[in-house]
Amino acid sequence: MAVGKEIRVKIKSVQNTQKITRAMEMVAASKMRKAQERMAASRPYAQKMRNVIGHLANAHPEYKHPYLVERPVKRVGYIIISSDRGLCGGLNSNLFRRLVAEMRQNRNDGIQISLCTIGNKAAGFFARMGGEVLGQAHHLGDAPKLEDLIGVVKVMLDAYDEGKIDRLYLVYNEFVNTMTQKPTIQQMLPIQASDDQQLKHHWDYLYEPEAKDVMTALLTRFIESQVYQGVVENAACEQAARMVAMKAASDNAGNLIGDLKLMYNKARQAAITQEIAEIVGGASAL
Amino acid sequence: MAMTIHVDIVSAEKAIFSGAAEMVFASAVMGEVGILPRHTPLLTQLRPGEVRVKLPEGQEESFYVSGGMLEVQPHVVTVLADTASRAKDLDEAKVLAAKERAEQAMRDKSSEFEYAQAEAELAEAVAQLQAIKKLRQKTGVR
């Protein structure tokens, strides 16, 4: 039957799109599970690291490391973690919106800003919008490696050492649950030590070789592990957001197919009715 | 039973070992160290090498670490193992690569951040999302 050829073509194309979105949803679901495992696997290190830093803050070292000392803020640095790919709902835009609001606040207070981006989306956004970007990393893949982050972290740490930035923040999406990802801005430098420990009496570590070297190595690793944790968490967020977005897309495609089918059937019925009417009309004319 | 000390070996990407031990051996930058229970607090860097843990049952387990940090508290030993091989010039190379990528992307771009443009773009994205949400609600009610 010749009726509704365009509609049939349209239905076919929507069905094809739905196949793709459904496949992407399932891929994202399985990747999310792996990303969550990775998130859990990296937690013990961060936890132990925090313990050691906690001990260190409560020790009474003869040397005060600059990473632990507050100083007047003239310029701040942000390490921004974003996804490499799109089609994940408002994940990146929400994060950037939160960041831009904060940056504007800073600018009004006369504080300058340096940036460091991880992921293609942040790189693209700041390439369009300008801003002083000191370092970049992208294409970290589904299983990010700490090794790939050393460069960008060190760029910012060097800037801090040279006094080019006085504070360092990490900007990423916190994984609350599959449906919720929270844009978060977390201060990394100077390190805010928690002093809710019982070890209050006067003691200090033995440092080998020098307190300064050991502490620099330790604190650098601490910052790196936090950035790594952020990257892994953001990856889990990305997959979760993509899963939800693709589910919505599949549902919408389903609705659209329903509407189109209804339209198609109506058109077909109208054509049949018309044909019958014509035959009846023709018969009675004879 | 002999006195034991709790040992945790973790790397940034996973936990490697956790449990009680009689003694722990590690290769620190200043030389091999052996840690017994009630050792004085110590913080040191590790060289790439073996970390051996003597278990209370008498066997030994050994792990290879490519460097890291060793923290000793009287009853806890923590090994924070590196996952990447670290050397100063290696790190410098990575810094240069990160900077290079940034510079390449930022060529002929002003370093002044365009707030108005950014906010406009974000507002647009958010408006799109909201429109989609409304549309979805509408079709859902129907």
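Residue numbers begin at 1 in each chain, while the letters A, B, ... track the order of the sequences. These values consider heavy atoms only, across backbone and side chains, with no hydrogens, waters or symmetry-generated copies.
Comparing B:V33, B:L43, B:T44, B:L80 by how many heavy-atom pairs each has under 4.5 Å with chain A, the most go to B:L43. Ranking A:V152, A:N94, A:V52, A:D158 against chain B, the residue ahead of the rest is A:V52, based on heavy-atom pairs under 4.5 Å. With chain A as the partner, the residue from B:Q45, B:K99, B:M69 showing the most heavy-atom pairs under 4.5 Å is B:M69.
Residue contact with chain B, scored on non-hydrogen atoms closer than 4.5 Å, involves the backbone and the side chain of A:S93 alike. Using a 4.5 Å cut-off between heavy atoms, B:E13 touches chain A through backbone and side chain atoms alike. Neither the backbone nor the side chain of B:V76 comes within less than 4.5 Å of any heavy atom in chain A. Of the two parts of A:Y228, only the side chain, counted from C-beta on, holds a non-hydrogen atom closer than 4.5 Å to a non-hydrogen atom of chain B. When heavy atoms are compared at a cutoff of 4.5 Å, A:L134 approaches chain B solely by way of its backbone atoms N, CA, C and O.
The two residues A:M49 and A:S225 make their nearest non-hydrogen contact at CG-OG, 4.3 Å. The shortest non-hydrogen separation linking A:T117 to A:A122 is CB-CB, 3.9 Å. Considering every non-hydrogen atom in both B:S18 and B:H6, the closest pair reads OG-NE2, 3.5 Å.
Between B:F63 and B:F17, the ring planes lie tilted relative to each other; the angle falls in the 30° to 60° range.
The distance from atom CG of A:N92 to atom CZ of A:F125, rounded to the nearest 0.5 Å, is 10.0 Å.
Between the side chains of A:Y205 and B:E71, at least one donor N or O sits under 3.5 Å from an acceptor N or O.
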